[in-house]
Amino acid sequence: MCGRYALSSPVQALEVQFEAEAQVLLAPRYNIAPTTPVPVVRNGGAGRILVLHRWGLVPAWSREPGAGAPMANARSETVAEKPAFRGPFRRNRCLIPADGFYEWRAVPGGKQPFFIRAAEGVLAFAGLWDRWEGPEGTLDSCTILTTAAQGPMARIHDRMPVILAREAYAQWLDPATPPDVLKGLLRPCPEAWLRMHPVDRRVGSVRNDDPGLVEPLPGEPFDA
DNA sequence: CCAGACGTTGTT
DNA sequence: GTCTGG
DNA sequence: CCAGACGTTGTT
DNA sequence: GTCTGG
């Protein structure tokens with residue numbers, strides 16, 4: 001699963017890695033939660049753009065945005081069939097940049113959060129977006145695809161975000177890519193792309209947002 | 001035909 | 001919007 | 001994802 | 001316990 005992540009890389013670095021034109025300014029964020037606006041890379045009029053979408057998909061046919069359960073994630077195994085995701089899977093695919101993401105492991109007496117970061121550069125989550133239009137205006141929203149966790153990740157949690165290689169960005173974003181090719185991209189990424197370590201429980205509260213959240217927790221036994 | 005649903009996760 | 005259930 | 005809230009009535 | 005907010 002992926003329900004909290006961090007992105008502090010400068011927007012210029014994102015423009016280079018994703019070959020996209022940023023249409024927003026970004027402040028560093030170390031505790032990004034569902035329902036907040038997040039940067040996504042998607043096709044714009046003339047090329048790739050980096051824009052903000054609400055994290056938690058609101059389908060175009062929703063009666064009220066915010067009604068119904070939050071859809072921060074979509075299972076990659078069923079995304080092509082589920083009514084809420086099928087349309088966006090065909091037409092509205094996006095990349096969601098992240099330095100890394102948090103997962104919580106149940107331990108006696110509570111939950112221990114871990115930060116799983118990119119071994120190098122910035123991660124690209126596979127995402128979908130949709131546009132809801134109501135009387136009050138337009139809401140662009142997005143969701144992060146998940147897949148089975150593999151390797152050391154699996155000791156913390158059984159799901160993880162789909163993370164794409166740079167070589168896959170164009171295929172994922174191209175509306176003409178056949179569904180069977182897309183499905184081939186929806187796999188757990190190689191273990192070598194990730195590093196992980198326990199972090200302070202402060203990350204649990206979304207009110208906390210500082211660089212200390214992603215730092216390794218001193219003295220914490222780490223057998224993941 | 002119309003009405004109603006449309007999601008994931010973790011925990012028990 | 002599109003599918004399912006009645 | 002976790003943290004935090006969770007309510008009505010009548011009176012001013 | 002369950003929903004809402006971030």
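Every chain is numbered from 1, with letters handed out A, B, ... down the list of sequences.
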Complementary nucleotide for dT8(B) - Watson-Crick or wobble, under 3.5 Å: none

Charged N to carboxylate O below 4.0 Å: is that the case for Asp99(A) and Arg117(A)? no

Over how many whole Å does the gap from Phe89(A) atom CZ to dG1(C) atom C1' extend? 18 Å

Under 4.0 angstrom, heavy atoms only, what part of the nucleic acid is Trp104(A) near: base, sugar-phosphate, or nothing? sugar-phosphate

Close residues, residues 203-216 of chain A, relative to DNA chain D [heavy-atom separation under 4.0 Å]: Gly204(A), Ser205(A), Arg207(A)

If you round to the nearest 0.5 Å, how far is CD of Glu77(A) from CG of Leu145(A)? 9.5 Å

Quick one: label Thr146(A) by what it contacts on the DNA or RNA (base, sugar-phosphate, nothing), any heavy atom closer than 4.0 Å. sugar-phosphate

By the 4.0 Å heavy-atom rule, please label Ala33(A) as base, sugar-phosphate, or nothing. base

Provide the distance between the two P atoms, one in dC2(D) and one in dT9(B), to the nearest whole Å. 13 Å

Going by the rule side chain to side chain donor-acceptor pair (under 3.5 Å), which residues pair with Asp200(A) if we only count those two or more places apart in sequence or in a different chain? none

Value in whole Å for how far the P atom of dG1(C) lies from CZ of Arg131(A): 15 Å

Could you check whether Asp158(A) gets within reach of a base, just the sugar-phosphate, or nothing at all, counting any heavy atom under 4.0 Å? sugar-phosphate

If you count heavy atoms of other groups shown closer than 6.0 angstrom to CD of Glu120(A), is the number above 12? no

Spacing of the C1' atoms in dT8(B) and dC1(D) (rounded, Å): 11 Å

Might you work through the side chain to side chain donor-acceptor pair (under 3.5 Å) test for Arg93(A) and Thr177(A), ending with a clear yes or no? CA-CA 11 Å; Arg93(A) 296 181 295 275; Thr177(A) 303; 4.7 Å; no

Any non-hydrogen side-chain atom of Ile96(A) less than 4.5 Å from a side-chain atom of Val40(A)? yes

Hey, can you tell me if Phe125(A) and Tyr5(A) have their rings parallel, tilted or perpendicular (30° and 60° cut-offs)? perpendicular

Can you check the distance between dG7(D) and dT2(E), where both ends of the measurement are the C1' atom (answer in whole Å)? 16 Å

At a 4.0 Å cut-off to heavy atoms of chain A, the contacted part of DNA chain D spans dC1(D) to dG4(D)

Within this structure, what is the SG-CD1 distance for the pair Cys2(A) and Ile32(A), rounded to the nearest 0.5 Å? 9.5 Å

What I want to find out is whether Arg155(A) reaches Glu191(A) closely enough, with some N-O distance under 4.0 Å, to be called a salt bridge. no

In whole angstrom, what separates Glu81(A)'s CD from dC3(C)'s P? 12 Å

Students often get this wrong, so: under 4.0 angstrom with heavy atoms, is Ser76(A) touching a base, only sugar-phosphate, or nothing? nothing

Could you check which nucleotide pairs with dT4(C) in any of the strands shown, counting Watson-Crick or G-U wobble with both distances under 3.5 Å? dA3(B)

I'd like the C1' distance from dT12(B) over to dG1(E), given in whole Å. 13 Å

Ignoring hydrogens and geometry, is there a side-chain-to-backbone donor-acceptor pair from Arg54(A) to Gly56(A) under 3.5 Å? yes

Whole-Å gap separating P (dC3(C)) and CZ (Phe85(A)): 17 Å

Determine the Euclidean distance between corresponding P atoms of dA3(D) and dT11(B); express it in Å to zero decimal places. 13 Å

Using a 4.0 Å heavy-atom cut-off across all strands, classify Ala74(A) as base, sugar-phosphate, or nothing. sugar-phosphate

For atom CG of Asn92(A) and atom P of dG1(C), their distance in whole Å: 14 Å

